[in-house]
Amino acid sequence: MCGIVGYTGDELAKDILINGLKRLEYRGYDSAGVALEDATGGVTRIDVIRRVGKVAGLESELAGVDAAATCGIGHTRWATHGRPSMANAHPHTSCDGRIAIVHNGIIENFAELREELAQRGHTFTSDTDTEVFAHLIEEAYYGCATGPVAGAAAGAAADMASGQATSAPAAPGCHDLMAAVREACTRVVGAYGLAAVCADEPGVIAVARKDSPIVIGRGARGSYVASDVIALIDATRDVVVLEDGQFARLAPEGITYTDAEGAPIEPTVTHIDWDIDMAEKGGYPDFMLKEICEQPRVVRDTLVGRMTGGELSIDELGLSLEELNLIDRVYVIACGTSYHAGLIAKNLIEMWARIPCEVEAASEFRYRNPIITPSTLVVAVSQSGETADTLAAIRDARIKGAKVFGITNVVGSPVARESDGVIYTKANKEIAVASTKSFIGQVVSLTLLALLLAQVKYRLTVGQVRMLFRELGDTAEQIQWILDTQKDAIHEAALACKDARSALFVGRGMGAAIANEGALKLKEISYLHAEAYAAGEMKHGPIALIDPGFPVIAIATKSPVYDKTVSNLKECEARGAKIVVVATEGDEDIAQIADHVIYIPPVRDTFSAITATVPLQLLAREVALMRGCDVDQPRNLAKSVTVE
Ligand code: AGP
């Protein structure tokens with residue numbers, strides 16, 4: 001979703017901001033802007049330049065601007081309050097334009113604040129919730145609504161004229177940007193990652209955080225802030241992940257950190273050990289293909305160190321073996337693709353550990369009253385570790401007494417920090433909005449968890465766990481085989497689907513769970529409507545959709561329900577469906593009903609989700625490319641969904 005960058009130092013700020021914003025593009029956005037200090041003529045002003053659309057447009061506009069600024073802030077906006085437009089793009093400014101801010105998150109009480117501020121004479125120029133922040137900081141700084149000189153009287157007059165009780169502005173103003181930001185934050189209910197600059201404090205960026213990520217770093221040529229480490233990794237690998245309620249004041253010569261009262265604090269420095277190459281395309285035409293091709297490595301890396309002395313271990317669980325043994329119910333809570341990883345986990349946990357497992361969309365879980373006891377384990381799955389609904393569900397589950405275990409791809413993310421224990425999926429930075437390699441990392445991690453629960457509950461012997469662990473590792477080579485051999489088959493299948501208006505993904509057992517992920521991938525990047533159905537449910541409704549040429553994409557690998565799935569496909573064939581099947585290598589018979597067959601190597605059914613998903617990812621990508629879509633940045637979607 002939205003992205004923040006900021007820089008103050010001795011280099012040209014505009015280049016650093018644009019490069020940072022480009023790095024944040026993957027998160028999804030609809031407009032972009034920067035605020036740059038401008039000291040021409042000896043008086044510092046703040047110049048704000050904003051554009052609807054891509055960062056490249058903003059870059060072209062800035063190319064024509066002679067901006068010598070060495071301090072500035074930038075933003076990519078994903079619209080929540082107000083449509084994508086110049087006026088709604090960040091940065092937003094105070095009435096007199098001397099303060100500019102960029103903000104990620106949502107201000108829940110913005111309507112009340114806006115009304116209150118308007119009564120005191122503030123003028124608003126956007127529909128955003130963010131803009132109130134600029135005006136609150138302005139009042140705290142100048143003690144008035146309209147600027148350093150004339151405002152105090154105007155504000156007071158507005159109060160008297162309205163006859164309404166409004167909170168008093170901080171007259172005569174603290175004239176300290178960091179203190180003004182702190183004060184503004186006391187008025188705001190909601191989530192924020194915020195960076196502010198002020199023309200009266202050249203070179204200073206004030207930063208605040210609550211429930212929205214902010215990272216800060218010090219490089220050789222200045223101080224940097226961003227909402228994602230990827231935007232500042234060129235400058236430094238040692239970063240401070242700001243905690244909720246912490247503040248930072250960036251200046252060219254250094255950074256100071258304070259708490260909500262303004263008392264100095266010593267921040268924790270985290271070293272980033274992944275390489276920027278991992279976040280670049282590395283010769284692939286798009287990030288999505290690169291990330292799909294990285295999946296064999298993800299399987300291997302996620303398993304490293306898990307089998308020590310012949311025993312499966314997940315030390316980061318944060319639960320003793322005795323506590324694990326007491327677990328009698330598991331909830332997997334997640335959204336989107338991560339939710340689909342949960343569907344696969346349900347099959348494994350119930351089959352191996354015999355513990356009832358429910359999978360719930362975090363957005364639903366948080367508003368239900370689920371049955372939670374101290375022996376309930378809640379597993380929160382999130383690639384980004386930032387998803388607002390998943391975080392809210394974690395908090396709710398913990399209040400109700402559950403142990404919460406996080407599975408995430410991002411070290412130090414809110415999901416990691418707010419869970420009792422965490423497994424990292426070792427996918428490394430995932431850039432394409434459509435999740436691929438993270439999904440594989442999640443399924444492998446959840447498989448490990450299922451095996452551990454089964455071992456602790458004595459449902460599987462140590463020997464059985466060891467054998468299954470070995471086979472789990474074999475899926476790395478099986479994925480590689482698919483990548484090496486099935487390209488043409490996938491291309492042919494994509495040609496058969498590309499002009500459809502809709503498609504059905506079907507399967508049974510594990511295949512039904514995989515079908516969900518196949519359908520999501522196709523719709524999110526190709527904008528082709530797709531739905532997933534348990535194949536046995538087809539005749540209870542969806543079969544009515546099928547007419548000649550309608551694409552049905554089936555997962556029919558060799559499994560205990562293979563024959564049943566084939567019968568369901570025959571019913572589709574009889575109605576003229578165009579059938580694409582993901583089948584097991586060596587299954588020649590399937591070609592009798594399938595128009596197109598994509599093979600995966602023979603694999604135990606329990607692990608088929610890991611391999612059979614790969615052709616579906618590739619199929620979605622091929623269809624999307626044939627339809628002229630941007631596979632890395634699909635419309636309307638964001639990589640991290642940090643709002644409800
Ligand atoms: C995946 O392709 C989607 N972009 C989306 O469904 C995603 O999985 C979902 O928003 C959850 O994100 P998370 O894993 O970061 O919590």
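As the structure lists them, so they are numbered: ligands from 1, and atoms in each ligand from 1.
Using cut-offs of 30° and 60° on the angle between ring planes, the pair Tyr331 and Phe365 is perpendicular.
Counting heavy atoms from C-beta outward, Asn409 and Lys429 have side chains that stay 4.5 Å or more apart. Taking 4.5 Å as the limit, every side-chain heavy atom of Lys346 sits out of range of all side-chain heavy atoms of Val332.
Heavy-atom separations between Val433 and ligand 1 include at least one value shorter than 4.0 Å.
Looking at atom 13 (P) of ligand 1, its nearest protein heavy atom turns out to be Thr387 OG1, 3.3 Å. In terms of protein heavy atoms, atom 10 (O) of ligand 1 is closest to Val641 CG2, 3.9 Å. The closest protein non-hydrogen atom to atom 2 (O) of ligand 1 is Glu524 OE2, 2.5 Å. Nearest protein heavy-atom neighbour of atom 15 (O) of ligand 1: Ser384 OG, 2.6 Å. Looking only at heavy atoms of the protein, atom 11 (C) of ligand 1 is closest to Cys335 O, 3.3 Å. In terms of protein heavy-atom proximity, atom 6 (O) of ligand 1 is nearest to Gly336 CA, 3.2 Å. Of all protein heavy atoms, the one closest to atom 7 (C) of ligand 1 is Thr337 N, 4.1 Å.
The proximity of Glu386 to ligand 1, defined as any non-hydrogen pair under 4.0 Å, does not occur for either the backbone or the side chain.
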Point to revise | Test side-chain contact (heavy atoms from CB on, under 4.5 Å) applied to Leu616 and Ile553, step by step | key: CA-CA 9 Å; Leu616 301 182; Ile553 296 133; 3.9 Å; yes

Practice item. Tell me, with the steps shown, if Asp420 and Arg398 meet salt bridge (Lys or Arg N to Asp or Glu O under 4.0 Å). Key: CA-CA 9 Å; Asp420 295 295; Arg398 290 190 78 179; 2.9 Å; yes

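Of the listed residues (Lys426, Arg300, Lys437), just one forms a salt bridge (Lys or Arg N to Asp or Glu O under 4.0 Å) with Glu294, and that residue is Lys437.
Electrostatic pairing of Arg395 and Glu418 counts as a salt bridge here, judged by a charged N lying under 4.0 Å from a carboxylate O. Under the 4.0 Å criterion applied to side-chain N and carboxylate O atoms, Glu316 and Arg306 are assigned as salt-bridge partners.
For ligand 1, none of its N or O atoms has an N or O atom of Lys639 under 3.5 Å away.
With rounding to the nearest 0.5 Å, the separation of CG in Asp286 from CZ in Arg621 is 4.0 Å.
Distances below 4.0 Å separate heavy atoms of Ser338 from the following atoms of ligand 1: 8 (O), 13 (P), 14 (O). Taking a cut-off of under 4.0 Å to the non-hydrogen atoms of Ser435, the atoms of ligand 1 that pass are 1 (C), 2 (O). Close contacts between ligand 1 and Gln383 involve ligand atoms 13 (P), 14 (O), 15 (O), 16 (O) [criterion: under 4.0 Å to a heavy atom]. Residue Ala434 approaches ligand 1 through these ligand atoms, each under 4.0 Å from one of its heavy atoms: 2 (O).
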